[in-house]
Amino acid sequence: MTGRRPDEGHPVKVVPAGVEADGMDEPSPRSARELAQEVERLRAQLTAEREQAAADRAGLQALLDHLPTGIVEYRDADNLVWANRAFCTMVGRELPDLLDERWRATVHPEDDHVPREAVAVPGGTRLPIRHVDADGGVHYCDSTLVMVPTVGEDGVEGVRPLVNVHEITSLHEATQAALAEERRFRTLFESSPIGIAVTDEDDVVRDVNPAYLRMLHVDPDHLLGRAFHEVHPHFSAAFDREAVLAALAADGRYEWQGWAPRFDGTRFWANVTVSYSVDAAGDRVVVSQVQDHDEVHRSRQALAHAALHDALTGLPNRAHLLTVLDGLLADRTRPVGVLFCDLDRFKAVNDSLGHAAGDALLVAVAGRLRDCLREGDHAGRLGGDEFVVVLDGLDGPGDAVHVAERVRAAVQDTLDVFGPGLGCGVSIGVAVSDPDGPVLPGADLLRDADEAMYRVKGAGRGGCGVFTPRAPEEVAARHELEADLRRAVADDAFVVHYQPIVRLEDGQRMAFEALVRWPHPVRGTLGPEEFWDVATQCGLAAAIDTAVLTRVATFLVQHPGEIVAVNVSAQRLDGTFADAVARALARVGAAGFRLLVELREAALRVDDPVLAAELHDLESLGVSVVVDDFGAGNSVLTALHALPVRGLKMGPAFTAGLPGNGRLVASVLGLAEGLDVECIATGVETAEQARHLREAGWHAAQGWFFGGVAPESTWFPVVLPD
């Protein structure tokens, strides 16, 4: 850091006073005293200059000590001669600990080569180097090295390295964090399943991710650097580019969904979000995010279709038909007709060929109905073997009957289902609206057609009948029965009668079957066959079931040793019955194993998940399920095996045939034993029947011979034959 004096580095030529140097051949003689004075003067001048230089250096060092950046002076690439306070503070060492080669302890081992390489550059260079402080902390520095000319005390000229050390650790960390964030963003950008395109405000594509390219079936070279609306105008037109620009100007965001064309001409259901953003340079860009919702959209369409269509035949279901019917009835310009079609002898298909054949028959009938439709008509399936046709644009009931006859003829044709010759007829009820009358809801017209169909069934099946209103007295009687039922439910007027189930071996009573009775104030005691249809149609069946369950549960508490069976229809097993049973048992503290639930054989369907769930829930309560009237319906052995059934009750038709059909009765018992379920014979009315059953190996029976249906207080005694 020392400056060079003007005479430094050159020998001093002494010229005696009074003698001119120019043209002088020899110095003039001077006295020794004069020479000594001159030497002393020069020595004093040199000392003063050195002291001034030292003072200047000290002042400069003091000034440099106050700089916030490090200043370091080196003798050469290896030896440090001075460093300011900022550098010493940064590396956590005092100056004496840095002099000479000891300063190299502050250099990061991986950067040890940097100082020597920098010194070798003429005139100096930038010095990217890391220093390590006394505690091991790493300091990133962006330093500048300058080679400063110097003259040594021996008068020899040279250069010394002078370094301005500027610490950039914070900047380095911020830069690294920014780079890491950029890498993270880029990774997300590249791997995102959402297609992303970045364009400028002129719609020129600046960047796209792989998902975007996959969705649009395009190569990046076809997009980058080009205006998107010019490269693929059909896509931009699909969601109106002008609308996008207007939305961005107003809210900075635009959303759209619909069918978007790809570059190869195919299309997909896209969900597009467009918004403004800012790039790294601070310029505003437009970010378009595209999601391929093709599968989601198709799934939603499938669910929406399934909610309004029958899964087996693909025809509209009840909800869809009622919507269509209500819309047509609201028009009121022309009559609207409804054909209620119920297949005849459909049960024979299931009984003889199984449910697969029955399903195939239903699909075939659906196809026949479609072929019979006029333009504007609608066919649907309500469930089971019930179909409905809605007719529009009729001139009157005659048109509806004409279509109905065409439908009947088409369905009654032989349908080859897993074999030739399987005939299937249809009974059709017809109802037609009156445009000049009051506006009816679609459900009412459907109900009228249903009633007309039942009248056809009652008259011998296989025909068509037009709905005619009931006689006023019949309608009044039905309304009166419904009103009486509602009062009976409100007054809790239903009672339970019991019929014993006995053990044939010794005549001991094993259980009771509970049967609901309605003590009507005028008509006397009514069985369910006289009121249950009306109760179901007006929504009172569940309330009556609850009343029966409550009474049976109370009975179980009052008679701890008894077991009781209750009858349940398949319609009642709607997902709420098992909960109702659980509440009834819990209310009185009765155990579930003392309750049996009887279900008709025809109700057993393995493909009914609600029914299966109810039966499993009952099983978990300890309640056993018994198949009632076994052999009278369509036997489904797979259902008996798959569902939690614990018993069978052989139908009374088998018992009535004894002793002639003894082998058939024995086969039913063998089937029950093979399924590992209990078996009860019903309809026992004579001693001879009871004896045959006992000799055939039957253990339990039920019927009027052992006791009829009676109130709890009048149980019949059990009498066994000799």
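These numbers were taken from a predicted model, which means no experiment stands behind them. Along the sequence shown, residues carry numbers from 1.
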- Task: Please report the C-alpha distance between R447 and D450 in whole Å, then the side-chain angles of each, then the deciding distance to 0.1 Å, and finally whether the salt bridge (Lys or Arg N to Asp or Glu O under 4.0 Å) criterion is met.
- Result: CA-CA 5 Å; R447 180 200 60 206; D450 186 13; over 6 Å; no
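- Using a 30° and 60° split on the angle between ring planes, H309 and H320 fall in the perpendicular class, above 60°.
- The closest donor-acceptor contact from the side chain of D491 to the backbone of A488 lies at 3.5 Å or more, if one exists at all.
- Side-chain polar atoms of D310 and T313 form a donor-acceptor pair below 3.5 angstrom.
- Taking the side chain as every heavy atom from C-beta outward, F494 and F531 approach each other to under 4.5 Å.
- Looking at heavy atoms from C-beta onward, Q702 lies in side-chain contact with E513 at the 4.5 angstrom threshold.
- Within the 4.5 Å cutoff, side-chain heavy atoms of L540 are placed close to those of R486.
- Side-chain contact between C341 and E386: absent, with no pair of heavy atoms (C-beta onward) separated by less than 4.5 Å.
- In this structure a side-chain-to-backbone donor-acceptor pair under 3.5 Å is missing from D448 to F467.
- Between L504 atom CG and H692 atom NE2 the span is 13.0 Å, to the nearest 0.5 Å.
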- Query: Which is it for D371 and R406 under the salt bridge (Lys or Arg N to Asp or Glu O under 4.0 Å) test, yes or no, and what are the steps along the way?
  - Reply: CA-CA 10 Å; D371 294 340; R406 189 166 69 246; over 6 Å; no
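- Taking CG from L693 and CD1 from I680, the interatomic distance works out to 12.0 Å, rounded to the nearest 0.5 Å.
- Proximity of a side-chain donor or acceptor of Q499 to a complementary backbone N or O of G707 within less than 3.5 Å is detected.
- Distance alone, capped at 3.5 Å, places no donor-acceptor pair between the S624 side chain and the L596 backbone.
- Looking at heavy atoms from C-beta onward, V365 lies in side-chain contact with F387 at the 4.5 angstrom threshold.
- Of the possible polar contacts, one joining the D506 side chain to the Q508 backbone as a donor-acceptor pair under 3.5 Å is found.
- Remark: the backbone N or O of A590 is not paired with any side-chain donor or acceptor of R587 at under 3.5 angstrom.
- Tested against R646 for a salt bridge (Lys or Arg N to Asp or Glu O under 4.0 Å), the candidates E619, E598, E678 yield a single pass: E619.
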- Starting from the C-alpha separation in whole Å, work towards a yes-or-no answer on salt bridge (Lys or Arg N to Asp or Glu O under 4.0 Å) for R691 and E688. CA-CA 5 Å; R691 184 167 43 254; E688 185 181 11; 5.8 Å; no
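- The side chain to side chain contact (heavy atoms under 4.5 Å, CB included) test with P528 singles out one residue from L515, V548, V516, and that residue is V516.
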